[in-house]
2 protein chains.
Amino acid sequence: MNNLNIYKEKLRESGLRPTRQRLKICEALFSPKETFHFTINDLSKIIEEKLDEKISLATVYNTVHAFKKNGYLKEIVIATDKSYFDTNTGTHSHFFDIKNKELIDINQVDLKDIPNPPTGKKIKNIDVIINVESE
Amino acid sequence: MNNLNIYKEKLRESGLRPTRQRLKICEALFSPKETFHFTINDLSKIIEEKLDEKISLATVYNTVHAFKKNGYLKEIVIATDKSYFDTNTGTHSHFFDIKNKELIDINQVDLKDIPNPPTGKKIKNIDVIINVESE
DNA sequence: CAAGTAGTTTAGAATAATTATAAAGTAATT
DNA sequence: AATTACTTTATAATTATTCTAAACTACTTG
């Protein structure tokens with residue numbers, strides 16, 4: 001129930017001190033029951049509008065990147081004009097609606113055969129994005 | 001042998017007049033025997049250094065986008081800081097070396113099962129990117 | 001618990017890729 | 001050859017992101 005300690009733990013794990021601003025970011029990211037996708041701007045707005053705290057963009061960027069580096073967030077590369085993040089850090093794949101720029105989580109999609117990587121390189125992870133559009 | 005007409009055809013197909021600048025862009029893109037990956041900046045440098053023509057960035061952007069729209073180029077979304085394009089327009093997948101930001105074409109990777117898209121949406125295409133790193 | 005110090009926040013500047021603009025130039029049509 | 005419509009270009013504008021340095025705050029230690 002007391003998420004506060006969980007947030008502090010995540011921050012500490014990420015090498016960050018628990019400050020008022022960072023705890024608000026945690027609340028926005030980790031208190032919802034459902035995972036979700038967001039851009040830095042989305043997150044910034046959520047915090048301002050729902051949590052009534054105006055945090056400078058630099059802080060939001062820094063914190064999100066620290067969480068990403070520590071595995072508390074994932075980045076999903078689907079557009080070149082903006083970065084998208086996912087609070088669902090489990091292995092999974094995505095539908096991406098090209099028009100609405102909407103992401104939908106799906107279970108991990110397995111490959112029939114995994115190709116051999118070039119010599120000297122090893123596979124780190126595999127991204128599968130199924131692009132869809134309204135018919 | 002006379003690629004010129006092929007270039008003109010591609011330009012016409014893309015709704016563009018064959019100008020000196022655009023023909024140089026075609027030469028850079030379509031004369032190499034092997035397909036390749038590039039950013040706008042790469043392409044711009046190739047044209048300047050190898051083809052000895054300085055073309056304004058706006059023209060390069062416009063032409064590349066027209067070719068992309070017409071299927072003569074593909075965009076590969078692997079990084080959020082830059083757009084990558086591929087002169088290989090066939091269906092295929094990629095290895096992506098995270099460190100060097102190097103792309104390597106591979107045959108299309110098939111999925112074990114293709115998930116059902118959300119109702120009202122249909123699958124347009126599937127991107128598979130296998131991220132690798134030097135070991 | 002009062003410093004001290006090490007990490008933090010912030011506004012605003014800097015950077016970088018991309019897109020928009022509008023004047024001067026060029027291809028195509030007549 | 002003249003007209004028209006499309007192009008190129010330099011430059012400005014835009015947008016996301018990163019940097020910076022001064023003001024601020026958490027944490028440690030005496």
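Naming convention: chains lettered A, B, ... in sequence-line order (proteins, then strands); numbering from 1 in each chain. No hydrogens, no waters, no symmetry mates; every other heavy atom, side chains included, goes into these values.
- The phosphate of D/dC6 (OP1 or OP2) has no side-chain N or O of B/T19 nearer than 4.0 angstrom.
- Cation-pi contact between A/K121 and B/F95: absent, since separation from the ring centre below 6.0 Å together with deviation from the ring axis within 45° is not met.
- For B/K82, counting side-chain heavy atoms from C-beta on, the closest listed nucleotide (D/dT9, C/dA17, C/dT18) is C/dA17.
- Under the side-chain contact (heavy atoms from CB on, under 4.5 Å) rule, B/N88 has a single partner from B/I76, B/T35, B/L73, which is B/T35.
- Rounded to an integer number of Å, the gap from A/I55 CD1 to D/dT17 P is 17 Å.
- A close approach under 4.0 Å does not occur between any side-chain nitrogen or oxygen of A/R20 and OP1 or OP2 of D/dT25.
- Under 4.0 angstrom from either OP1 or OP2 of C/dT18 there lies at least one side-chain N or O belonging to B/Y61.
- B/T39 comes within 4.0 angstrom of no nucleic acid atom, judged by non-hydrogen atoms across all strands.
- Distances shorter than 4.0 Å separate some side-chain N or O of A/S83 from OP1 or OP2 on D/dT17.
- As rounded to whole Å, 11 Å separates atom P of C/dA20 from atom NE2 of B/H65.
- At the heavy-atom level, B/N62 lies nowhere under 4.0 Å from the strands shown.
- One finds a side-chain N or O of B/Q21 lying less than 4.0 angstrom from the OP1 or OP2 phosphate oxygen of D/dT9.
- Protein atom CZ of A/F85 is 10 Å distant from nucleotide atom C1' of D/dT17, rounded to whole Å.
- Between C/dT9 and A/S56, no contact under 4.0 Å exists linking OP1 or OP2 to a side-chain N or O.
- Taking atom CD1 on B/I78 and atom P on C/dA17, their separation rounds to 14 Å, with Å as the unit.
- For A/E48 and C/dT10, the CD to P distance is 12 Å, given to the nearest whole Å.
- In terms of phosphate contacts, B/R22 brings no side-chain nitrogen or oxygen within less than 4.0 Å of OP1 or OP2 of C/dA27.
- You'll find that the side chain of A/L57 is closest to D/dT17, out of D/dT17, C/dA6, D/dT9.
- In this entry the distance linking CG of A/L16 with P of D/dT25 reads 18 Å, nearest Å.
- Within 6.0 Å of the CG atom in B/D52, the count of heavy atoms belonging to other residues, nucleotides or ligands does not exceed 12.
- A ring-ring contact (aromatic ring centres under 6.0 Å, His included) with B/F67 holds for exactly one of B/F30, B/F85, B/Y61, B/F38; it is B/F30.
- Distance, A/Y84 OH to D/dT17 C1': 15 Å, rounded to whole Å.
- Salt bridge present: A/K68 and A/E75 bring a charged side-chain N and a carboxylate O closer than 4.0 Å.
- Rounded to whole Å, atom C1' of C/dA20 lies 16 Å from atom CG of A/D81.
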